[in-house]
Each structure stands twice: as structure tokens, then as C-alpha cells.
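Data first, discussion second: the structure below is written as C-alpha cells.
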Amino acid sequence: MSVLIAVVIVVAFGALLLAITTGKKKGGKKQKGRAQIIRDANRKLSQDPHNTDGLIPLGELYYNERAWDKAYPLYETMMSIAPAHRELNPFQVSLRQGICALKLNKIQESFKGLGVAYNINKQDFDVNYYLGVACYKNNEFDKAVPCFKKALILRPDFSGINIYLGLALYKSKHYREALPYIKRAIDENPENKELLFSMADAMNESGMGDKAMKIFMHLRPNPDFGARSCLAAGLFHIKMNQPDKAIQDFEIALKHQNVPQDTMTEIRYRYATACFMTNMITKGLDALKEIQSTTPNYKDVPSLLARYQELNQNKNLQIYLMSTSSDFVALCRRVVMQCYKRQNSPRILDIAVTPEFVEISMNVEFARSEEIHLYRFYRTTGSVGELAVRDFHAKVSDTKADKGICVSAGNYSEEARRFSEGRPIDLVEKDGLIKILKKVDMS
């Protein structure tokens with residue numbers, strides 16, 4: 001029994017030693033084979049750069065080793081001489097030239113080989129996939145989409161297609177169509193924040209804002225997609241008439257570093273808008289001044305600056321244009337009382353509030369008469385037209401008022417001014433309103 005055990009041990013040891021020796025020989029033979037290929041190929045190519053016996057094995061070696069920088073010039077040469085050398089496969093050398101160029105980020109050069117290969121065989125998976133990648137990297141997303149779709153049909157199990165196809169559809173603004181591919185890509189790459197942001201934005205553009213908001217809120221702290229997520233969340237909150245929440249979104253965005261200037265400019269602009277909606281005029285002005293220092297003519301920033309700087313210096317004008325309806329009505333009451341001396345014993349008879357204006361009917365006593373004056377206050381900063389003034393004149397006539405005073409924070413059209421001539425109507429524009437408001441004490 002002991003002899004049998006000894007024999008088994010010796011045989012096992014011998015087998016192990018043989019395997020090690022054989023492995024070393026094979027490794028040495030492989031290394032020697034690679035070196036021999038390189039040496040023989042370089043010798044042939046030094047005598048003739050177009051020698052296919054040197055180009056083919058050397059190109060095959062470097063391509064399989066993914067040494068793209070070494071393989072690329074070889075396949076570039078083979079592609080150029082393929083028409084004169086039947087031993088070269090034009091489809092293979094063109095495809096490999098394109099793939100090598102793509103791997104080296106030589107996008108324009110890759111189209112040369114991939115285009116030839118595509119014309120030879122439009123049903124090849126590699127041709128469609130890599131041509132799609134080249135179009136994608138060249139920002140030709142609409143051209144990339146059909147390539148990826150065909151590649152997905154040829155290889156439905158290939159996981160790398162969903163991310164490219166989803167993002168290509170998203171970037172070509174086919175948002176709803178992009179969603180299923182992006183979702184599959186996220187399942188394959190759950191840590192990819194670009195996919196997550198793209199899915200949220202595609203959802204938002206497809207009318208699924210509530211679902212998108214959960215992702216945007218999750219991404220707000222992210223250093224790469226946080227600023228854009230904050231901007232999207234803020235815009236959604238403004239749309240939902242929640243400016244306070246929008247301000248929080250934008251303030252988080254403003255803390256991010258290395259944000260592209262165009263994105264940061266838009267964030268500041270939207271932040272200023274939200275501040276003005278909540279009467280935080282000073283903060284809004286500060287944001288607009290930041291924009292003016294980098295992009296002076298961005299959107300309507302110059303006119304907004306002029307308008308809100310004026311508002312910031314005139315509290316009553318702020319109330320007139322921006323406050324709640326009750327505060328606006330209270331200010332209008334003060335204005336009409338300010339227009340008369342105490343001895344006239346002005347007395348408010350009636351106040352009518354509509355979405356477009358506030359009307360106040362006054363009884364005013366003079367030395368030898370007593371009159372009814374009708375005031376109409378428009379909050380608009382635009383132009384009040386003839387139709388509005390005609391309507392006001394009709395109201396003055398219907399109420400048998402002696403005089404009508406129409407007040408606007410903007411101006412009146414030429415037609416409106418002409419209509420008021422010779423009629424018992426006074427038109428008060430912005431400059432006249434500001435003079436009155438400076439005299440009004442709201443305390």
C-alpha cells in the first residue's frame with residue numbers, strides 16, 4: 001500500500017513538472033512568434049512599404065492587441081492599395097481603418113473607412129455600430145440613430161448600443177422615443193449620471209414633469225449635472241407658481257463650480273425673475289448685474305435693470321406694479337385722496353376691482369359745485385390702446401360722472417390720445433403717476 005502511494009506521488013509530481021515545462025515552452029514559443037512576425041514584417045516593409053506579406057500579419061497582430069496607433073497607419077496603407085491587390089480584403093481593411101481611427105478619436109478619418117465598408121456590406125453589425133459611434137461623436141445624432149437601430153436588430157443582446165441609441169435620440173430631441181433605451185442603459189450602467197439626467201429631461205419634455213422632478217432633485221448636488229438639474233427644477237417650480245422653491249433651486253445652482261457660462265447666465269436670469277416675483281428686488285438686481293458684466297445684451301436684461309432699479313428707488317411704484325391686489329387697492333385710495341385739497345372734502349363713493357384695473361368713484365365739493373370724478377387705474381407697463389379708453393369714456397357717460405381720470409404705469413397709444421381730445425377724460429401716463437406716488441405717504 002505504501003509503495004502504491006509513493007508511485008502515485010511520483011507520477012503526480014512528474015505530471016506537474018511536465019505541465020510547467022510545457023507552459024514555459026509555449027509561452028516562449030508565443031513570444032518568439034510575435035517577435036518573429038514583427039521582425040519579418042518590418043524587414044519586408046523596409047524594402048517595400050506596400051508589401052502585403054508584411055502589412056497583413058503586422059496589421060493583424062497590432063489590431064488584435066488593440067494597439068490602435070500602430071495598426072492605424074498599416075490599415076490606412078492597405079486601404080489605399082486594396083484595389084490593386086486581390087489578396088487584401090477591401091471590406092476588412094476599410095472597416096479596421098475606420099475602427100482604428102475612431103479609437104484614436106480621428107473622427108473625420110474614420111468616416112473614410114467606415115463609409116467604404118458600409119457600401120460593401122450594409123448588414124454587418126460592426127459597420128453599423130461603429131459608423132453610429134462616429135456620427136454620434138461628430139454630433140450628427142439623427143444620422144447615428146438608424147445605424148444603432150440596425151445594429152440592435154443584428155445583435156439585440158449587445159449591451160453597448162442602448163446607451164448610444166438612447167442618448168442619440170435624446171440629443172436629436174426625440175424625447176419620448178429615447179426613454180425606453182435610456183432606461184435599459186441605466187439598468188446596465190446604474191451609476192451613469194448623464195443617463196439619469198437625460199432620462200429626467202426627456203421625461204420633463206414628454207409631459208412627465210412630476211416624475212422628472214424626483215430625479216432632478218436627486219441630482220442637484222451632483223458636480224457634473226447638478227447645475228442643469230437645479231435649473232430644470234427651478235423652471236418647473238416657476239411653472240407651478242412656486243417661486244420660493246425655485247429660488248432655493250437656483251441658489252443651489254449658483255454654488256456649483258465649473259459651470260459653463262451660458263448655463264450659469266441662464267440660471268442667474270431665472271433666479272432674478274424668481275426674486276422679482278417675490279419682491280426680492282435687490283437680490284434680483286444683483287443677479288442681473290452679474291449677467292451684465294459677462295453678457296451685456298442677454299435677453300431683456302438692460303430693460304429689466306432699468307425697470308427694477310427704478311422700482312427699487314420708489315416703494316410706492318413697487319406696490320403699484322408688484323404687490324397683492326389688496327395693497328394695490330389701498331394705494332389707489334391714497335392716490336385719489338392725494339389729488340384733492342382737504343377743503344374739497346373728497347369722498348370715495350365706490351370701488352370696483354377687476355383683473356385688468358381698479359375703478360374708484362369720487363364725490364368732490366368745489367366752491368360753487370359738486371362733481372363726480374371716476375378714476376381707472378391700470379397696472380400695465382405697456383401701451384393702453386384706444387379700445388380701453390373708449391370703454392372708460394362709455395363708463396364715465398353711463399355713471400354720469402363729470403370727469404374721468406385714466407391712470408397707467410405705461411403709456412397710451414396715439415389713437416387713444418386723439419380719442420380723449422375734447423372729451424372729459426384725462427390720461428395720466430407713467431411719469432405723471434410717479435410724480436403723484438412720490439407725494440403719497442403709505443405709512
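Numbering of residues begins at 1 and proceeds along the displayed sequence. Here the structure is a predicted model, which means the values were calculated and not measured.
Within 6.0 Å of NZ on Lys143 lie no more than 12 heavy atoms contributed by other residues, nucleotides or ligands. Around NZ of Lys173, the count of heavy atoms belonging to other residues, nucleotides or ligands within 6.0 Å does not exceed 12. Surrounding NZ of Lys283 are at most 12 heavy atoms belonging to other residues, nucleotides or ligands under 6.0 Å away. Heavy-atom contacts from other residues, nucleotides or ligands closer than 6.0 Å to CD of Gln257 number 12 or fewer. Annotation: Asn64, atom CG; neighbour count of heavy atoms from other residues, nucleotides and ligands within 6.0 Å is above 12.
Annotation: side chain of Asp201 is in contact with side chain of Phe216 (closest heavy-atom distance under 4.5 Å). Counting heavy atoms from C-beta on, the side chains of Asn312 and Gln318 come closer than 4.5 Å. Counting heavy atoms from C-beta outward, Asp224 and Phe197 have side chains that stay 4.5 Å or more apart. Side-chain contact between Leu254 and Arg268 is present, with heavy atoms from C-beta onward closer than 4.5 Å. Taking the side chain as every heavy atom from C-beta outward, Lys171 and Asn139 never approach each other to under 4.5 Å. The shortest side-chain heavy-atom distance between His237 and Met213 falls under the 4.5 Å cut-off. Residues Met199 and Leu179 have side chains in contact (heavy-atom distance under 4.5 Å, counting atoms from C-beta outward). For the pair Asn192 and Ile186, the minimum side-chain heavy-atom distance is 4.5 Å or more.
Scanning both residues, Leu102 and Ala134, for their nearest heavy atoms gives CD1-CA, 3.8 Å. Counting all heavy atoms, side chain and backbone alike, Leu317 lies closest to Leu311 at CG-CD2, 3.4 Å. Among all heavy-atom pairs drawn from Ile360 and Phe377, the shortest one is CD1-CE1, 4.2 Å. Closest of all the heavy-atom pairs between Ala82 and Leu88 is CA-CD1, 3.9 Å. Closest non-hydrogen pair, Ala274 versus Ala246, comes out as CB-CB, 4.5 Å. Of all non-hydrogen atoms in Tyr75 and Cys100, the two that sit nearest each other are CD1-SG, 4.4 Å.
Rounding to the nearest 0.5 Å places CG of Leu231 at 13.0 Å from CD1 of Ile252. If you take CG on Leu321 and CG on Leu433, they are separated by 8.0 Å, rounding to the nearest 0.5 Å. Residue Gln309 holds its CD atom at 10.5 Å from CG of Leu304, rounded to the nearest 0.5 Å. To the nearest 0.5 Å, atoms CZ (Phe111) and CG (Leu131) are separated by 6.5 Å. The distance from the CG atom of Leu45 to the NE2 atom of His50 is 9.5 Å, given to the nearest 0.5 Å. Here the CE-CD1 distance, from Met217 to Ile215, works out to 13.0 Å after rounding to the nearest 0.5 Å.
Cation-pi check for Arg155 over Tyr129 is not met; the charged atom does not lie both under 6.0 angstrom from the ring centroid and within 45 degrees of its normal. Annotation: cation-pi geometry satisfied between Arg184 and Tyr181 (NZ/CZ under 6.0 angstrom from ring centroid, within 45° of ring axis).
In terms of modelled atom types and a separation under 3.5 Å, the side chain of Asn128 and the main chain of Lys150 share no donor-acceptor contact. A donor-acceptor pair under 3.5 Å is absent between the side-chain atoms of His218 and the main chain of Lys214, judged by distance alone. Under a 3.5 Å cut-off, the side chain of Tyr320 and the backbone N or O of Tyr378 do form a donor-acceptor pair. One N or O on the side chain of Asp124 and one on the backbone of Asp126 form a donor-acceptor pair closer than 3.5 Å. Looking only at distances, a side-chain donor or acceptor of His256 sits under 3.5 Å from a matching main-chain atom of Arg220. Side chain of Arg176 to main chain of Ser206: a donor-acceptor pair is present (N/O by atom type, distance under 3.5 Å, no hydrogens or angles). Proximity of a side-chain donor or acceptor of Ser94 to a complementary backbone N or O of Phe91 within less than 3.5 Å is not detected. Formation of a donor-acceptor pair under 3.5 Å by the Asn89 side chain with backbone atoms of Gln92 is found in this model. With hydrogens and angles ignored, the 3.5 Å screen pairs a side-chain donor or acceptor of Thr354 with a backbone N or O of Phe357. Between the side chain of Glu359 and the main chain of Arg376, no donor-acceptor pair closer than 3.5 Å is present.
Taking 4.0 Å as the cut-off between side-chain N and carboxylate O, Arg390 and Glu415 do not count as a salt-bridged pair. Asp300 has no carboxylate O lying under 4.0 Å from a charged side-chain N of Arg307, or vice versa, which leaves the two without a salt bridge. Looking at Glu266 and Arg228, no side-chain N of the basic residue comes within less than 4.0 Å of a carboxylate O on the acidic one, giving no salt bridge. Salt-bridge annotation for Arg417 and Glu414: present, with a side-chain N of the basic residue lying under 4.0 Å from a carboxylate O of the acidic one. With respect to Lys70 and Glu65, no salt bridge is recorded, no charged nitrogen being found less than 4.0 Å from a carboxylate O. For Glu76 and Lys106, the salt-bridge test fails: no basic side-chain N is under 4.0 Å from an acidic carboxylate O.
Not a single side-chain hydrogen bond (donor to acceptor under 3.5 Å, both in side chains) links Ser159 to another residue, sequence neighbours left out. The ring pair (Phe, Tyr, Trp, His ring centres under 6.0 Å) test applied to Tyr170 returns Tyr175, not counting sequence neighbours.
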Given the rule in the side chain to side chain donor-acceptor pair (under 3.5 Å) test, do Glu251 and Tyr271 qualify, once you have shown the distances and angles that lead to the verdict?
CA-CA 8 Å; Glu251 286 180 344; Tyr271 176 63; 3.0 Å; yes
Take Gln36 and Asp40 through the side chain to side chain donor-acceptor pair (under 3.5 Å) test and state the conclusion after the steps.
CA-CA 6 Å; Gln36 187 68 47; Asp40 290 347; 2.8 Å; yes
Given the rule in the side chain to side chain contact (heavy atoms under 4.5 Å, CB included) test, do Ile81 and Thr52 qualify, once you have shown the distances and angles that lead to the verdict?
CA-CA 9 Å; Ile81 66 173; Thr52 55; 4.2 Å; yes
Test Leu331 against Leu437 for side chain to side chain contact (heavy atoms under 4.5 Å, CB included), laying out the working first.
CA-CA 9 Å; Leu331 177 61; Leu437 291 176; 4.0 Å; yes
Check step by step if side chain to side chain contact (heavy atoms under 4.5 Å, CB included) holds for Phe148 and Ile163.
CA-CA 10 Å; Phe148 289 131; Ile163 183 170; over 6 Å; no
Leu95/Leu114 under side chain to side chain contact (heavy atoms under 4.5 Å, CB included): CA gap, chis, key distance, verdict:
CA-CA 5 Å; Leu95 175 62; Leu114 293 172; 3.9 Å; yes
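The aromatic rings of Tyr308 and Phe276 sit parallel, their planes meeting at an angle under 30°, below the 60° perpendicular limit.
Ring to ring, Trp68 and Tyr63 are close: their centroids are under 6.0 angstrom apart.
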